[in-house]
Structure formats: structure tokens, C-alpha cells
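Have a look at the structure that comes next, please.
Every chain is numbered from 1 and lettered A, B, ... according to where its sequence line falls, protein lines coming before strand lines. Scope of the values below: all heavy atoms of this structure, side chains included, with no hydrogens, waters or symmetry mates.
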Protein chains: 2
Amino acid sequence: MAAETRERIVEAADLLFYQHGFEATSFADIAATVGISRGNFYHHFKTKDDILDGVINRRLANTEQMLDRWEIAGSDPAERIRSFIHILIVNGEKIRKYGCPVGTLSSELAKLNHTAKSDAAALFTLFRSWLCRQFERLGFGDKSDELAMHILGRSQGVATLANAFDDDRFLHHEVDLMCTWLDDQIADLTNKNNPDRE
Amino acid sequence: MAAETRERIVEAADLLFYQHGFEATSFADIAATVGISRGNFYHHFKTKDDILDGVINRRLANTEQMLDRWEIAGSDPAERIRSFIHILIVNGEKIRKYGCPVGTLSSELAKLNHTAKSDAAALFTLFRSWLCRQFERLGFGDKSDELAMHILGRSQGVATLANAFDDDRFLHHEVDLMCTWLDDQIADLTNKNNPDRE
DNA sequence: CCGAAATTAGGTCAATTGTCCTATTCTGTC
DNA sequence: GACAGAATAGGACAATTGACCTAATTTCGG
């Protein structure tokens, strides 16, 4: 079946793009991983950029699905945000080896002046607006987007340094700090709404 | 003169590696930028990795020089840390276009499984130990390295997102937050040392 | 079972890559 | 001013790249 082969190609490309980068991954690499001939590629993807498109769309779909799963899990928005923060630990090993899939792809495409850079940024937007929604539900109002960007940036920085230093302890420590930060934000907000002196 | 040509090559390579990445920059690109023949390269650098070495050493030297300049500027350690934070604004335009030179190089080399990855990480270490020293002088003792890594990570995350979204307002806002965070840390420390009730 | 369409394999293509060689030009010393 | 060594230019080299084509095979509706 064609759709299945296509799916296998995108899946392999996704992994290779993550592990070695978009530019450093060749058609031959993907073909060898999937176990099909190079020529077969052209039937499913006309250009390398098409494969990138497929990979980004796959990531978008997977991410959306993950975020939806967290949203219907019934827990409160704060718990959902903690789920986001804990991706750093869940995917800790991969992050220490290859960095954050979203951030590193976005950076690479920016340097390549690639048309798909905005598509990669859409992946960030997915997380951003999801986080923003959670903060809004917690009652942060107009500050929600700022807070979403803040925590998104924090996790990006943690991923970059954990990768550069291959440091697991740092990663865990910063995750704790981010959770503490979240608790403080929520405490500040409730204090502001119920200003009971002393 | 040979040393001058070599310097021009490294300088051009430094810029190109930053703007387009290490792998995406070819010998021909550098030669064209410097304005010398490709063959002339081999006289100064045997392999591409040699050029990378030269670029990293150049960055190490420049960074060390910058940090030294900040250190003898006579201001207090807190002011020096603020100087570090404000690189994000000083280099804001470049960062929005190409990301952080240190972080993006480190990420790329990690994906390429390149031997020089540890050399690139040494650039991070330069900032890390410098920041650590400033925190120690402020009296943070054993916590100094954690704080240094924290602020290093924050700036990395800010650079990544400012690049992904090409967002200058976010960059400025996060710089403000980092400065506030620094002030809070210092305030907490003095409170701890002078526990005068009320 | 047939034949058309979808799928796959294998190979070709020009362009580019990093590497390397040789011939020429420049530079400084006796 | 001659000459050795450094510096430069220009090209050759095999290997790899993304892209493309054609022929063989598979799949499936009638």
C-alpha cells in the first residue's frame, strides 16, 4: 500500500531529521533506513522539501494529539502545564543527545533561510497557544501569553544546555525550578484576588 | 602576509558558520567571501575541521576578552551579570535572524556527532564559570554554579524563541524578567544574612 | 483472468562537495 | 640581483548530493 510506505518514509525522515538535522540527512539515508530504493522516493515525494513538509505536518499532528490528550485528562490546568514541563524529563535522554526537536529544527531552518521556517515555528505556536489557554483558565487574563512564552523559553534553554553539557542533574533541577515558578505565579494570583491582610 | 590571510579566512568562516551553519557553509563560500582561490585554502587549513577549530578558538579568544573587559570595568558583580544579560539586546538583531552563536553551533555539532562538540561546549563553559565567579563574589557560595547555569539557560531559551518568532518585544520583556530575577536573588540573600524581623 | 493504474527498482544526470596537486607569483635574505 | 621558501591561483579528483527517467513489478477492479 502506498499510504503505508509514505508513512514509513515520513517516520524515518522525522527521526533522522531530529537526530542528524535536515541538511545532513540525504535521500539515500532515508531510503536505506526505510529499506526501499532511492528511485521509489520520487513517487511519494517530488523534492526534499516535500519530505520536510510531511515531517512537519506529522509533528504537528502528533503534538496536537498529545496536547488534546492532556486536555481531556480531566486534571486542572496547572497540572497540564506541569505535564508540559515534564516532557523535559520524559524525553530527557533524547534531549541530552539531540536537543529539542522543535527548537533545533527551527534554528536550522532559520540559518538555511528555508521557506518552511514558518511551518516549524507553527509547532512552537501550537505549544504556545495551548499553554496560553491553560493560563487563561487559571485566571491570568492578558498575562497568559507572556507566561506561556516565558515557560516555553525556559524549557528551550534547559534543552539547549542539557544537550551541550549532557547534564541530567541540571535538567531535573531546572524542571523543579519551573514547577516552583508555576506555583508562585498561581499563589501570587490568588493573593491578588483575595487580598486578606496578614 | 600569511597570518593576515589566515585571520581573514577565520573571520569570514566565523560569520558564515554563524549565519548559515557549519555544514551548509562550503569551502567555495568562504573563499568567495575572502576573495581568494580555493586552492589557497589548503595552504592555511588542511581540512574543514581545521577551519572549525580556528573559528572556535577565535570565538573563545573574543569571548574571553569581552568577559575580561567587563570584569575590569570596576562595576560590581551584579552589574557585570546585567552586562551579560544585555547581550541579548545588544545583539538582538543578529539573534533574531540567526539565533545565539554558541547555542546553535553546539546544537549543530551535537547532531553531526562532531568531535569538536566539546570545544563548542567550552564556549559555554567560559560564560558559565565567569557567571559563577560573579555570583560567588556576591556571596552565593555553593549555589553560584546553579545560578550561573540558570541564567545561561534562560538566555539560551530567549534567543531560541526570539529567533523562531522574530520577536523583539518578547526579547526585551524577558531581559527585564531576568534582571528582576537577579535583583530578587540578591535581595533574598541579604535578607538571609540579616534576618531582622519586620 | 485481464489490463490499466499504482507502485517500486535501478540507473543516469549535472552540480557540488572536501581534498589534493602543480604551476606561478610574491617576499625577504645573502 | 639571485635564490629559497612562503603564498597564491587554478584546476583535477573521487565521492556524494538532489533530481529525474524508464522499465519492471504489483495491485486490483471489471
Whole-Å distance between dC20(D) C1' and K48(A) NZ?
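It is 17 Å, rounded to the nearest whole Å.
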Do any side-chain nitrogens or oxygens of N40(B) fall under 4.0 Å of OP1 or OP2 in dA9(D)?
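Yes, such a contact exists.
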What's the CD-C1' distance between E23(B) and dT16(D), to the nearest Å?
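Spelled out: CD on E23(B) to C1' on dT16(D) is 12 Å.
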Is the shortest distance from a Lys or Arg side-chain nitrogen in R133(B) or E71(B) to a carboxylate oxygen in the other one below 4.0 Å?
yes
Which nucleotide in the list dT17(D), dT17(C), dG18(D) gets nearest to the side chain of A28(A)?
dT17(D)
With a 4.0 Å limit, can you tell me whether T5(A) has a side-chain N or O closer than that to the phosphate oxygens OP1/OP2 of dT8(C)?
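Indeed, a polar side-chain atom of T5(A) lies that close.
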Value in whole Å for how far the C1' atom of dT7(C) lies from CZ of F45(A)
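That distance rounds to 14 Å.
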Choose from dT17(C), dT8(C), dG18(D) the nucleotide whose nearest atom is closest to any side-chain atom of S26(B).
dT17(C)
Over how many whole Å does the gap from E4(B) atom CD to dA6(D) atom P extend?
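From E4(B) CD to dA6(D) P: 19 Å.
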Candidates dT7(C), dG10(C), dT17(D) - which lies nearest the side chain of H43(A):
dT7(C)
Using 4.0 Å as the upper bound for N to carboxylate O, is an ion pair formed by E64(A) and R59(A)?
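Between E64(A) and R59(A) there is no salt bridge, as every charged N stays at least 4.0 Å from the carboxylate O atoms.
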For F41(A) and dA19(D), what is the distance between atoms CZ and C1' respectively, to the nearest whole Å?
13 Å
Looking at R58(A) and D53(A), is any side-chain nitrogen of the basic one under 4.0 Å from a carboxylate oxygen of the acidic one?
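Looking at D53(A) and R58(A), the cut-off is not met.
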Quickly work out the R38(A) CZ to dT22(D) C1' distance and round it to whole Å.
15 Å
Indicate, with a heavy-atom threshold strictly under 4.0 Å, whether F27(A) touches base, sugar-phosphate, or nothing.
sugar-phosphate
Spacing of E7(A) atom CD relative to dT7(C) atom C1', expressed in whole Å
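Distance check: E7(A) CD to dT7(C) C1' gives 17 Å.
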From the set dG11(D), dT19(C), dG10(C), return the single nucleotide nearest to any side-chain atom of T47(B).
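Of all the options, the side chain of T47(B) is nearest to dT19(C).
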Are any of the side-chain heavy atoms of F135(A) and K143(A) separated by less than 4.5 Å?
no
Would you kindly give the CG-to-P distance between D49(A) and dT17(D), to the nearest whole Å?
16 Å
Choosing from dA9(D), dA19(D), dT19(C), which nucleotide comes nearest the side chain of I36(B)?
dA9(D)
Which of dT19(C), dT17(D), dA6(C) is nearest the side chain of Y42(B)? It is dT19(C)
Taking the ring of F84(B) and the ring of F127(B), is the distance between their centroids below 6.0 Å?
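Yes, the ring of F127(B) comes within the 6.0 Å limit of the ring of F84(B), centre to centre.
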If each of G35(B) and D29(A) is mapped to the nucleotide of DNA chain D with the nearest heavy atom, which maps nearer the 5' terminus, i.e. the 5' end?
G35(B)
